[in-house]
Amino acid sequence: DQRYLPLHLALMMKKVNPLVVLSLIKAAPFTAGVPTPSGDMPIHLATKAELKPEIIKTLLAADMPIELGTKAGNLSMGTIVHREHGHSWWHVAVDKRSKYVDVVFSLLSDFATYIQIVALARSVGPDQKTVTIDAASAPLVDAFKNILRFYYRYEISTMKMPLCTDENQSFPAFDHGEDLERFKVTGPWLKSGFTKIRENSRQTAASERGREIMYIPWEPDQREITLRCYTFEEHFNAEKTIRDQKNMSSDYVENIVSIHSDSNYVNTSFTTGKIMCISFERNEGTLGEVMASNDKIRSQAGWLSNCQTVLKELATCLHHLHDKGVVHGRLDMDSFGQFGRKWKLLNVGNSTAMGNAMGGVLRKSAPPESLSGVQPILPSSAISAEKGRSRSKARANRASSSSVKGGSIGPSVSIGRKLPPLPAQGKSERKKFGVFIFGLKDLGLGNYGTKKSRKQGTPADDDSLGLHSMDSSLASVHEGNNTATDEASARVIAMQEDEISRLRRALEEKEHIYRRQLAEERATFKRQEADRQRELQKKLANQKATTPVPRYAPEKLMASASWDVWSFGLIMVEAIIGKSSLLPSSSDSDDDFLEHLSRFSDTDLVAICDEVGDIAGQFAVDLVARLLHPKPQQRITSMDKVLQHKYFHEEVIEPSNASRIRIKSKGSKLKNLSVTASKESLRSRQLRQSSNSRR
């Protein structure tokens with residue numbers, strides 16, 4: 001059967017040579033992910049035939065849900081690249097229970113990084129719901145624990161995906177104690193998890209560097225930590241020293257547990273063999289993770305009060321940082337972590353001392369003044385206005401050119417305002433076709449010459465009134481003058497019908513001429529409109545080429561609280577209304593962000609304040625307006641003044657059930673679901689409270 005691939009046929013043979021199968025996989029690796037016509041994957045055929053583990057490992061490596069390994073020269077710990085696959089990983093890791101644990105362990109140990117191992121453990125099965133680590137057998141779970149050991153003492157958790165950037169990678173992990181690091185404990189006795197070490201001078205199970213120790217069963221007394229590994233030594237050194245240099249309090253900044261640096265650490269997760277990592281106290285989640293974990297959090301009762309409390313804690317942390325003469329410069333929803341009931345600042349190592357020039361890569365928390373050459377190319381409103389003016393001018397030209405007075409030129413065509421003017425005609429032509437300015441209806445001969453008009457006794461309508469009168473007069477003449485013959489009357493009628501037919505043909509020809517002229521005029525107008533649009537686009541392109549493009553230039557700014565004040569305003573708005581297209585930080589790409597930030601104006605700020613005011617009241621509006629002002633000179637100058645604002649000292653009025661709000665899909669915009677009466681009632685209460693506080 002030609003539908004079967006050579007690999008399929010080889011795997012279905014009895015006592016197939018393993019070298020043949022390996023050669024076929026090496027020649028065409030993609031075939032490992034192609035099912036047979038009956039729907040069986042190659043890995044199913046191999047496990048059914050109980051082929052050698054080497055073949056199972058090769059087939060599995062060719063049909064993984066993600067790519068394994070790191071690119072040459074990549075300093076990071078690997079990224080997640082998803083692939084199309086046939087669920088071979090699920091078949092080996094879950095369906096076959098613990099039969100191929102050694103195969104999985106060998107494959108991941110040889111090729112996978114820590115991030116990729118966690119991603120495989122968190123991958124879902126064919127039902128798109130069940131997670132691998134939740135359905136795996138106990139021996140495979142132990143194998144994951146063993147392979148996720150890091151620097152002897154740590155075990156990276158599979159319960160949560162790491163947060164990775166080009167600068168650092170943050171792993172949720174367990175710390176099993178410094179003894180494992182001190183004695184550099186490794187070996188097969190840790191295959192089912194970590195053990196605990198205790199020195200003993202009389203009872204010895206192993207010897208490490210001449211010291212007598214013994215291994216007792218592992219006890220679940222591990223400590224949860226966040227393990228953050230750094231790509232660049234500069235960032236690593238800054239993070240480990242800034243707390244002592246600036247005397248920062250662990251009440252406001254995440255606390256360091258331990259620091260590790262090793263230039264000769266052999267592990268596939270590090271292409272350079274050098275590690276620089278710091279373990280921090282474990283947070284329960286960042287502000288962004290907490291908000292993303294519950295889509296309906298903003299519609300819950302008491303959210304505005306909780307939001308006010310959280311924002312006040314965040315502002316207090318920033319105030320502490322600024323008091324130490326440091327600007328964070330990278331604030332976003334993931335820069336604050338929840339530690340029990342407290343919120344603390346994360347990643348303070350990249351902070352900049354006040355008075356120094358700002359720097360670093362582009363980030364969505366940058367304020368408008370960080371851009372260089374921010375003159376807008378041409379605002380979108382101006383483009384729309386320009387297009388509107390061109391359309392209005394075109395309509396005016398058409399209206400003025402079609403304002404020639406005219407009457408009917410046939411039964412179905414009339415000259416009106418929208419028709420183009422007739423071409424100028426000479427004097428001789430006007431004499432020749434002068435009769436054509438009258439229609440048959442105007443002459444009283446609307447239906448004359450048709451079969452209907454020849455029928456006697458047909459009631460006359462408005463269009464055939466003249467024809468009926470003529471027929472009546474002819475009949476009376478015929479009755480009064482019996483000497484006139486029927487032949488003469490017939491000749492007169494025939495001559496009249498011939499003349500009417502000739503007039504009708506001429507009018508139809510004239511109508512055809514006018515229709516053709518109208519089509520030509522419309523085609524000409526379309527060509528002119530297209531030319532105008534091309535000229536407008538060319539003009540905009542020329543302006544874009546000559547106008548400076550917004551460029552991120554933080555080095556032109558001295559570090560001050562104004563940068564973090566802007567970033568805090570973005571966090572406050574997103575916490576209240578969710579992600580909004582009005583915020584520059586909501587842009588998907590860096591180019592869109594630069595464009596949006598360069599055009600951010602008072603109009604955008606007013607629109608943002610309107611949405612905030614509908615939810616959180618006028619105090620929140622006033623604070624947001626002072627935080628996100630496009631001009632840094634008009635922003636609040638310090639976090640101390642932010643904390644003194646009335647928003648943090650007045651009770652927040654929660655919306656009633658009738659005026660609950662809900663967030664749109666993906667949190668792009670908010671809709672008010674209250675009726676008008678409830679909304680007006682809420683606003684009146686807020687205004688009344690505001691007036692009372694002023695008194």
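One-based numbering along the sequence shown. Side chains included, hydrogens not; waters and symmetry mates left out as well; all remaining heavy atoms used.
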Atom pair CG (Leu331) and NZ (Lys364), whose distance is rounded to the nearest 0.5 Å:
15.5 Å

Taking NZ in Lys160 as the centre, count heavy atoms belonging to other residues, nucleotides or ligands within less than 6.0 Å. Is the count above 12?
yes

Sidechain N-carboxylate O distance under 4.0 Å for Glu50, Lys99:
yes

Pair Ser88, Asp63: side-chain N/O donor-acceptor within cut-off below 3.5 Å
yes

What do the steps show when you test Met358 against Trp563 for side chain to side chain contact (heavy atoms under 4.5 Å, CB included), and what is the final call?
CA-CA 10 Å; Met358 295 295 295; Trp563 188 297; 3.8 Å; yes

Is there a side-chain contact between His260 and Tyr151 in this structure, where contact means two heavy atoms from C-beta onward sitting under 4.5 Å apart?
yes

Considering only heavy atoms from C-beta outward, does the side chain of Lys240 approach that of Ile259 to under 4.5 Å?
yes

Considering residues, nucleotides and ligands other than Tyr100, do more than 12 of their heavy atoms fall under 6.0 Å from its OH?
yes

Please say whether the positively charged group of Arg228, taken as NZ for Lys or CZ for Arg, lies over the ring of Phe171, i.e. under 6.0 angstrom from the six-membered ring centre and within 45 degrees of the axis.
no

Heavy-atom donor-acceptor pair, His82 side chain to Glu67 backbone, under 3.5 Å
no

Check whether Phe339 forms a cation-pi arrangement with Lys344 (NZ or CZ under 6.0 Å from the six-membered ring centre, at most 45° off the ring normal).
yes

Hydrogens and angles aside, do Arg149 and Tyr114 bring a side-chain donor and acceptor to less than 3.5 Å of each other?
no

Report yes or no: do Asp332 and Ser335 form a side-chain donor-acceptor pair below 3.5 Å?
yes

salt_bridge(Glu284, Lys342) N-O dist < 4.0 Å
no

Taking atom types as modelled and ignoring hydrogens, do the side chains of Thr130 and Asp127 form a donor-acceptor contact shorter than 3.5 angstrom?
yes

Check Glu178 with Arg153, please: is the shortest side-chain N to carboxylate O separation under 4.0 Å?
no

